[in-house]
Structure formats: C-alpha cells, structure tokens
Q: 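Got a structure for you, written out below as structure tokens; questions coming shortly.
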Amino acid sequence: AILGEQLRNENSLTKQRDHILTITGRLIDGTVDVWLNEKAFRLPDWEEGQQVFPVNPTKDGMKRAIKTGNLYIQNNKAKTASRLTLASVPLEDQGFTLGALQITRTNGIIFSQEELNLLQGIAQIVATGLSAAHRSEVEQFRLQQLNLVRDVSAEIGKILHVDELSKRVTELIQTTFNFYYVAIFT
C-alpha cells in the first residue's frame, strides 16, 4: 500500500523506479529490475534527450512477459555454472503496457508460488500507482494551460497596444511552459 502511495505522490520516473526497486527488493529475494515505457508517460512539455529508460526493455524475461502479457518464469535447474532463475511480469493498466518488473536470482533458488503471487500483486499496485501519478501530471499540465488562458485574457483587458500585448503573451507562454522560443504570427 505504501508503494502505491509513493508512486502517486512522485512525478519523476527516476524516483518512482527507485521506490519500486526498494520495496520489491525488501519483499522478494533477488535482484530487482524495472523497465518503464517512457512513451506512456510523456507530456507535451517534456524535453527530448532526458530519457531514463531505453526505448525497449533490455532483459529477455521482460520482453517475453510483455509479449505474452503474463508472468514469465525461467528456472535453470541444470548443474551448470549459471543457475539463473528469474520471474518477470508486465506492468499493465487498462490495456496499456507501462513497463515490466523482473526478479533475478543467480543462486538457482526457484520462486515459490507465494513469491510469484506477491510479484503479480506488486505489479498491479505499481501499474495502478504509475497510472494515477501520470493522470495527476496530465491534470496539472491542463491546469497550467487553463491558467495561461486566464492570464492572457486578463492581459487583453489591461493592454491596449498590440505590440505590448504580444510581448506579454509571449512571456507568459515562455514562463508557463518553459519554452526557449515563442513566436506569435498574425
């Protein structure tokens, strides 16, 4: 429950990832990896080049979990040097793939059914929390847009010169949306 609340209160994918890694690592033994589909969380004012996650997951287990839409388990019971076991689950909400969560063990210990159930429960909480946080960010973005319209409307009533009004509207758009360049063409 704390994880879902933490995710809803964060607007940074990096901090959300850190919360997911910390809580999941406390609950299930193994190395935790998270991949988030940043395209699902982009807002119109986000700058390119600040990508936290790769475009596609790099872990094979995550790819398979996303492709099938279900829990993917790999148990390597062979007596080889690599006794890798992993469990990966997609993070989905309302039919949208938001990412994937994977637990990897190098000691060959197989996941119990309770651990797999817990992993799926965590994935549902994470997906719901991420969706709620994104909806909140979208609402804040729209609120900024509405406030800008309100500010521009107020300026129109105060300023009678078109050149002065254009400069003021340009400044409002730049500061509201953190744009480098704004131009008004009439």
Q: Measure the CH2-CD1 distance between Trp35 and Ile66 for me, rounded to the nearest 0.5 Å.
A: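 If we round to the nearest 0.5 Å, Trp35:CH2 and Ile66:CD1 are 4.5 Å apart.
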Q: Using atom types as modelled and distance alone, determine if a side-chain donor or acceptor of Thr85 lies under 3.5 Å from a backbone N or O of Ile109.
A: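 Answer holds: yes.
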Q: Show the nearest heavy-atom pair for residues Gln174 and Val182, with the distance to one decimal.
A: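 Closest approach of Gln174 to Val182: CG-CG2, 3.3 Å.
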Q: What heavy-atom pair brings Ala87 and Leu71 nearest, and what distance separates the two atoms?
A: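 Here Ala87 and Leu71 meet closest at CB-CD1, 4.4 Å.
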Q: What are the two closest heavy atoms between Tyr72 and Gln74, and how far apart are they?
A: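 Closest approach of Tyr72 to Gln74: OH-OE1, 3.7 Å.
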Q: Would one find more than 12 heavy atoms of other residues, nucleotides or ligands at under 6.0 Å from atom CG of Asp163?
A: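 At most 12 heavy atoms, drawn from other residues, nucleotides or ligands, come within 6.0 Å of this atom.
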Q: Would you compute the distance between atom CG of Asp33 and atom OG1 of Thr24 and round it to the nearest 0.5 angstrom?
A: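 Interatomic distance, Asp33 CG to Thr24 OG1, rounded to 0.5 Å: 11.0 Å.
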Q: Can you tell me how far apart CD1 (Ile122) and CG (Leu27) are? Round to the nearest 0.5 Å.
A: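 Going from CD1 on Ile122 over to CG on Leu27, the span is 4.5 Å.
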Q: How close do Pro90 and Ala65 get, counting heavy atoms only, and between which atoms?
A: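 Result for this residue pair: CG-O, 3.6 Å.
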Q: With side-chain contact (heavy atoms from CB on, under 4.5 Å) as the test, pick out the partner of Val89 among Leu116, Asn70, Leu119.
A: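 Single pass found, and it is Leu119.
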Q: Going from CD on Glu115 to CD1 on Ile110, what distance comes out if it is rounded to the nearest 0.5 angstrom?
A: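 These two atoms lie 11.0 Å from each other.
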Q: As an exercise, state the distance from CZ of Arg17 to OG1 of Thr22, rounded to the nearest 0.5 Å.
A: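 Here the rounded value is 10.0 Å.
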Q: Under 3.5 Å, is there a donor-acceptor pair between the side chain of Gln124 and the main chain of Gly121?
A: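 Pair absent, no side-chain N/O of Gln124 close to backbone of Gly121.
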Q: Sub-3.5 Å donor-acceptor pair from the side chain of Gln102 to the main-chain atoms of Met62, do we have one?
A: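 Yes.
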Q: Can you measure from CD1 (Ile103) to CD1 (Ile28) and round to the nearest 0.5 angstrom?
A: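 It is 5.0 Å, given to the nearest 0.5 Å.
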Q: Could you please spell out the steps behind the side chain to side chain contact (heavy atoms under 4.5 Å, CB included) verdict for Leu91 and Thr97?
A: CA-CA 6 Å; Leu91 302 174; Thr97 301; over 6 Å; no
Q: So, applying side-chain contact (heavy atoms from CB on, under 4.5 Å) with Val126, which one of Val34, Ile20, Ile23 is it?
A: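 Result: among Val34, Ile20, Ile23, Ile20 is the only option passing the side-chain contact (heavy atoms from CB on, under 4.5 Å) with Val126.
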Q: Within the distance-only criterion (no hydrogens, no angle test), does the side chain of Arg105 pair as donor or acceptor with the backbone N or O of Asp29 below 3.5 angstrom?
A: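 Yes.
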Q: Between Ser131 and Leu98, what is the shortest heavy-atom contact and its length?
A: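 It is OG-CD1, 3.4 Å.
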